[in-house]
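What follows is one structure encoded as structure tokens, with my remarks underneath.
Counting convention: from 1, in listed order, for ligands and their atoms alike. Keep in mind that the numbers below use all heavy atoms, side chains included, and drop hydrogens, waters and symmetry copies. Remember, it's a predicted structure, so these values are computed and weren't measured experimentally.
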Amino acid sequence: MKKKMRFATKAIHAGLDPDPATGAVMTPIYQTTTYAQARPGDHKGFEYSRSGNPTRSALEKNLAALENAHFGLAFASGLAAIDACIRLLNPGDEVISTNNLYGGTYRQFTQIHDRYGVKFHFTGMDRVDQILPLISNNTKMLWVETPTNPTMNIIDIKAFAQVAKENDLILVVDNTFSSPYLQNPLDLGAGIVMHSVTKYIGGHSDVVMGFLALNDEALHKELKFIQNSAGAVCGPMDAFLALRGIKTLHLRMQRHCENGSKVAHWLRKHDRVDNVYWPGFEDHPNHAVAKAQMKGFGGMISFSLKGDQLEEAFELVSRLQVFTLAESLGGVESLAGHPATMTHASIPKEERAKTGITDSLIRLSVGIEDADDLIEDLEQAFSALP
Ligand SMILES: *Cc1c(COP(=O)(O)O)cnc(C)c1O
């Protein structure tokens with residue numbers, strides 16, 4: 001296979017050779033826990049499926065290629081992948097994280113790892129100077145999520161990578177909202193890129209999975225040890241489903257971006273809507289950074305209502321018919337959510353308020369349906385508001 005392939009070709013071919021046993025073109029689901037050895041230690045590269053499984057290996061190679069990474073590791077969920085990253089640290093070590101963070105990540109940092117002595121600082125990351133006062137000799141890691149969830153702030157990966165390099169910190173970028181199609185953090189200087197495969201990569205809302213990609217060999221060895229020792233691996237059936245999703249990632253992302261743009265512009269003109277958060281707007285505070293580091297602006301949009309009434313937001317999301325009211329994002333189908341009571345309910349109200357998660361904030365994951373149907377759906381829900 002040619003070495004320097006473009007994204008769409010890599011999505012379909014990278015790491016995926018016909019099955020050596022049968023010639024099967026699609027990677028088989030190796031639903032096995034163990035592998036025969038000819039003599040003790042004499043095997044074909046697989047011994048036990050927690051340590052390695054051929055379906056999972058194919059996925060790891062394929063996804064690593066999409067992030068232009070040397071190494072990839074698949075986990076049972078996005079949070080399991082995040083957990084593995086923090087297990088690189090020791091008690092007393094400190095992490096500086098964006099304060100506009102996926103709720104489950106915040107919960108894991110503050111309610112699990114904090115108990116084992118890792119200290120977390122949360123701050124805005126609109127500008128790189130916001131983190132400088134928080135860096136100490138104990139700081140070991142920077143945690144970035146961009147675009148952030150749910151108010152679509154953009155963090156300048158290159159600028160934070162520079163600070164990480166100067167201070168010998170590992171920069172981890174949660175790239176879930178962009179997918180590898182829209183953004184490749186390792187190319188911008190990040191040390192580790194993390195994905196909830198559950199979202200855009202899987203793309204069909206039928207798999208929960210996490211992924212880490214990186215170039216550093218020593219760090220990969222440590223993470224692979226953690227993956228095997230902590231044991232939060234994904235199963236072969238899920239690896240197969242993720243591989244199947246990835247084959248259309250580029251096509252789906254293109255449509256997510258087109259539909260996202262149409263819905264964002266429509267919302268912005270609506271007289272009941274207060275703020276619309278979408279990095280594609282030219283007056284988005286970090287639009288220039290988004291334009292520089294992303295290939296498109298994605299299908300994630302949040303908006304708030306004038307008057308900020310919780311009841312009105314509930315009414316609106318309950319009346320949607322094409323959009324489904326549900327947690328999660330990144331699937332082919334459009335979803336709507338209410339961050340304050342759903343995805344971000346685990347973040348205290350005062351913390352939420354600081355980051356714009358107001359009572360009427362609604363988050364949309366714009367799917368790949370016909371954009372006109374999505375807009376008409378929003379229209380009918382709005383028109384039924386008192
Ligand atoms: C969903 C999500 C996670 C967690 O991933 P799971 O697969 O649900 O464990 C982490 N970060 C972001 C940005 C997410 O959207």
Side-chain angles (χ1 to χ4, degrees), residues 59 63 67 72-87 95 97-113 120 122 125 141-155 157 172-183 185 190 192-213 227 230-235 238-239 241-242 245-246 253 256 260 277 279 294 298-302 326-331 335-339 342-347 355 357 363-367:
L59 169 70
L63 256 185
E67 282 291 6
L73 295 161
F75 292 83
S77 67
L79 284 177
I82 292 169
D83 181 68
C85 289
I86 305 302
R87 283 173 195 269
V95 180
S97 165
T98 165
N99 60 3
N100 217 327
L101 194 62
Y102 177 71
T105 309
Y106 180 84
R107 182 177 58 197
Q108 186 186 103
F109 285 176
T110 56
Q111 294 188 48
I112 296 185
H113 297 297
F120 295 88
F122 298 94
M125 290 189 171
M141 189 176 274
L142 294 182
W143 197 276
V144 160
E145 195 181 304
T146 179
T148 63
N149 185 8
T151 48
M152 312 302 149
N153 294 17
I154 297 292
I155 299 175
I157 297 173
V172 186
V173 176
D174 181 339
N175 204 26
T176 302
F177 269 39
S178 294
S179 88
Y181 178 74
L182 295 181
Q183 178 171 281
I192 301 175
V193 50
M194 175 262 146
H195 280 284
S196 170
V197 175
T198 316
K199 315 295 168 50
Y200 284 109
I201 294 174
H204 296 74
S205 303
D206 52 11
V207 167
V208 172
M209 191 188 290
F211 192 73
L212 299 177
Q227 182 196 40
V233 295
C234 64
D238 285 351
L241 285 171
I246 289 166
M253 290 315 296
H256 283 298
Y277 301 95
M294 300 173 76
M300 295 303 300
I301 302 166
S302 292
E327 305 258 0
S328 202
L329 62 109
L335 300 178
H338 184 251
M342 293 169 68
T343 43
H344 291 64
S346 53
I347 299 177
T355 55
I357 307 172
R363 190 187 80 178
L364 300 179
S365 170
V366 178

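Applying side chain to side chain contact (heavy atoms under 4.5 Å, CB included) to Ile192 and the options Val173, Val172, Asp174 leaves one that passes, Val172.
Checked by atom type and distance alone, the side chain of His195 never pairs as donor or acceptor with a backbone atom of Ser179 at under 3.5 Å. Glu67 places no side-chain N or O within donor-acceptor distance of the main-chain N or O of Val193, the cut-off being under 3.5 Å. Put simply, the side chain of Ser302 never gets that close to the backbone of Thr151: no donor and acceptor are under 3.5 Å apart. Between the side chain of Ser196 and the backbone N or O of Thr176, no donor-acceptor pair lies under 3.5 Å.
In the vicinity of Ser77, heavy-atom distances shorter than 4.0 Å reach the ligand 1 atoms 7 (O), 9 (O). Of all atoms in ligand 1, numbered sequentially from 1 with element shown, those under 4.0 Å from a heavy atom of Asp174 are 10 (C), 11 (N), 12 (C), 13 (C). Contact atoms of ligand 1 toward Leu329: 15 (O) (distance under 4.0 Å to a heavy atom of the residue). Near Met209, meaning under 4.0 Å from any of its heavy atoms, are these atoms of ligand 1: 7 (O). Near Gly78, meaning under 4.0 Å from one of its heavy atoms, ligand 1 places the atoms 5 (O), 6 (P), 7 (O), 9 (O).
The protein non-hydrogen atom at the shortest distance from atom 7 (O) of ligand 1 is Thr198 OG1, 2.6 Å. Looking only at protein heavy atoms, the nearest one to atom 4 (C) of ligand 1 is Tyr102 CE2, 3.4 Å. Summary of contacts: the protein heavy atom closest to atom 5 (O) of ligand 1 is Ser196 OG, 3.0 Å. At the shortest separation from atom 1 (C) of ligand 1 among protein heavy atoms lies Lys199 NZ, 1.4 Å.
The part of Glu145 lying near ligand 1 is the side chain, judged by heavy-atom distances below 4.0 Å. Heavy atoms of Thr176 found under 4.0 angstrom from ligand 1 belong exclusively to the side chain.
Val197 does not count as a contact of ligand 1, since none of its heavy atoms falls under 4.0 Å from the ligand.
Remark: aromatic rings of Tyr200 and Tyr181 are distant, center separation not under 6.0 Å. Phe120 has its ring centre no less than 6.0 Å from the ring centre of Trp143.
Between Ile201 and Ile246, the closest side-chain pair of non-hydrogen atoms falls below 4.5 Å.
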